[in-house]
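The structure under discussion appears below in the form of structure tokens.
Predicted, not measured: the structure shown is a model, and the values here were computed from it.
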Amino acid sequence: MGRGRVELKRIEKKINRHVTFSKRRSGLLKKAHEISLLCDADVGLIVFSTRGKLYEYATDACMEKILERYERYSYEETQLTSTNVEPQVSLTVEYAKLKARLEVLQTNQRHYMGEDLNALSLKELQNLEHQLTVSLKRTRTCENKLMNESIAELKKKDKALQDENTSLVKAIREEEELARKSQPEQQNHDINISSPVPQPLSLGDHGEVEGQSQQSNAVIPPWMLQHMHESNSKG
């Protein structure tokens, strides 16, 4: 007698289920390898057990390329399908999606502003509080970062101003020092210019030194000179 047809349903006994999974898994991986080898096809097989353990098979052990090819093909199929849909139907569906998203955003905005909170459950309020806490933490972090950058920039400008002030003070002191050194030389030069040039001596009619008389005349007041002349005339 031939083997009867087995009804496909979940195996209730855990041990029998694990044994069947192991056998069928090995057979499935073997069939995937055979079809890849016989038909020169690219095959990618992924199996997760009930315990979450991964079993896979890929042609030439390159699962990434097969998945990339699958994603590209799925995207092209989606684009092709969307272009075949009537424009009016596509716009209607897009409008409904955008409208629903807008309503969700408006509701979230009201919740963030502390409005319409009575309709929320305890868990939703806790989630809202957590989101606000995270947002406040990020805001404060950004604020502190900007403040630190501003303080660093001000310190940099202050240092530049101090350096410039130091340079100006040094230049002023150097100029004062040069002026102080050049002042005695200028005074000596002025003295040499103001000193009288000695004149050659010559005797007058009375046997006096003419140059000396002229030099004395330059110093003696006029009234004294007149008195001296009158005394000489009387003598």
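- For the pair E115/H111, no side-chain contact is recorded, criterion being any heavy-atom separation below 4.5 Å from C-beta on.
- Contact of the F21 side chain with the V47 side chain is registered, since non-hydrogen atoms from C-beta on lie closer than 4.5 Å.
- With N165 contributing its side chain and L161 its backbone, the two residues share no donor-acceptor pair below 3.5 Å.
- With rounding to the nearest 0.5 Å, the separation of OG1 in T107 from CG in D116 is 8.0 Å.
- Contact annotation: the side chain of Q109 never approaches that of L105 to less than 4.5 Å [non-hydrogen atoms, C-beta and beyond].
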Chi angles and distances behind the side-chain contact (heavy atoms from CB on, under 4.5 Å) call for L102, Q106: CA-CA 6 Å; L102 178 61; Q106 290 176 347; 3.7 Å; yes
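- For the atom pair K14 NZ and H18 NE2, the distance stands at 5.0 Å (nearest 0.5 Å).
- The pair R180-E177 meets the salt-bridge criterion, with a side-chain N (NZ, NE, NH1 or NH2) lying under 4.0 Å from an Asp/Glu carboxylate O.
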Could you please spell out the steps behind the side-chain contact (heavy atoms from CB on, under 4.5 Å) verdict for S22 and R25? CA-CA 5 Å; S22 178; R25 182 200 70 220; 4.0 Å; yes
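- Residues L122 and Q126 meet the side-chain proximity criterion, which asks for heavy atoms closer than 4.5 Å.
- To the nearest 0.5 Å, the span separating CG on N144 from CZ on R140 amounts to 9.0 Å.
- In this structure, the side chains of K53 and F48 stay at 4.5 Å or more apart for every pair of heavy atoms.
- Taking every heavy atom of both residues into account, M63 and Y57 meet most closely at CE-O, 3.5 Å.
- Between N127 and Q131, the side chains place no donor N or O within less than 3.5 Å of an acceptor N or O (distance only, hydrogens not considered).
- Residues R17 and R10 meet the side-chain proximity criterion, which asks for heavy atoms closer than 4.5 Å.
- Rounding to the nearest 0.5 Å gives a distance of 6.5 Å between CG of L128 and CG of L117.
- Counting heavy-atom neighbours within 6.0 Å of E129 CD, excluding the residue itself, gives a total of 12 or less.
- Distance CG/L28 to CG/L45: 4.5 Å, rounded to 0.5 Å.
- With a 6.0 Å radius and a threshold of 12 heavy atoms from other residues, nucleotides or ligands, I15 has its CD1 atom at or below the threshold.
- With hydrogens and angles ignored, the 3.5 Å screen pairs no side-chain donor or acceptor of D158 with any backbone N or O of L154.
- By the neighbour-count criterion of 12 heavy atoms within 6.0 Å, atom CD1 of I35 is sparsely surrounded, having that number or fewer from other residues, nucleotides or ligands.
- With hydrogens and angles disregarded, a donor-acceptor distance shorter than 3.5 Å links the side chain of S182 to the backbone of L178.
- Counting heavy-atom neighbours within 6.0 Å of E149 CD, excluding the residue itself, gives a total above 12.
- No side-chain heavy atom of R69 sits under 4.5 Å from any side-chain heavy atom of I66.
- In this structure, T141 OG1 and R138 CZ are separated by 9.5 Å, a value rounded to the nearest 0.5 Å.
- Both L54 and L67 belong to a common hydrophobic cluster when Ile, Leu, Val, Met, Phe, Trp and Tyr are linked at side-chain heavy-atom distances under 4.5 angstrom.
- Y55 OH: more than 12 foreign heavy atoms inside a 6.0 Å radius.
- In terms of modelled atom types and a separation under 3.5 Å, the side chain of S36 and the main chain of D42 share no donor-acceptor contact.
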side-chain contact (heavy atoms from CB on, under 4.5 Å) between T133 and K137: does it pass, once the steps are laid out? CA-CA 6 Å; T133 303; K137 184 178 179 180; 5.6 Å; no
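- A distance-only check finds a donor-acceptor pair linking the side chain of E124 to the backbone of S121 [under 3.5 Å].
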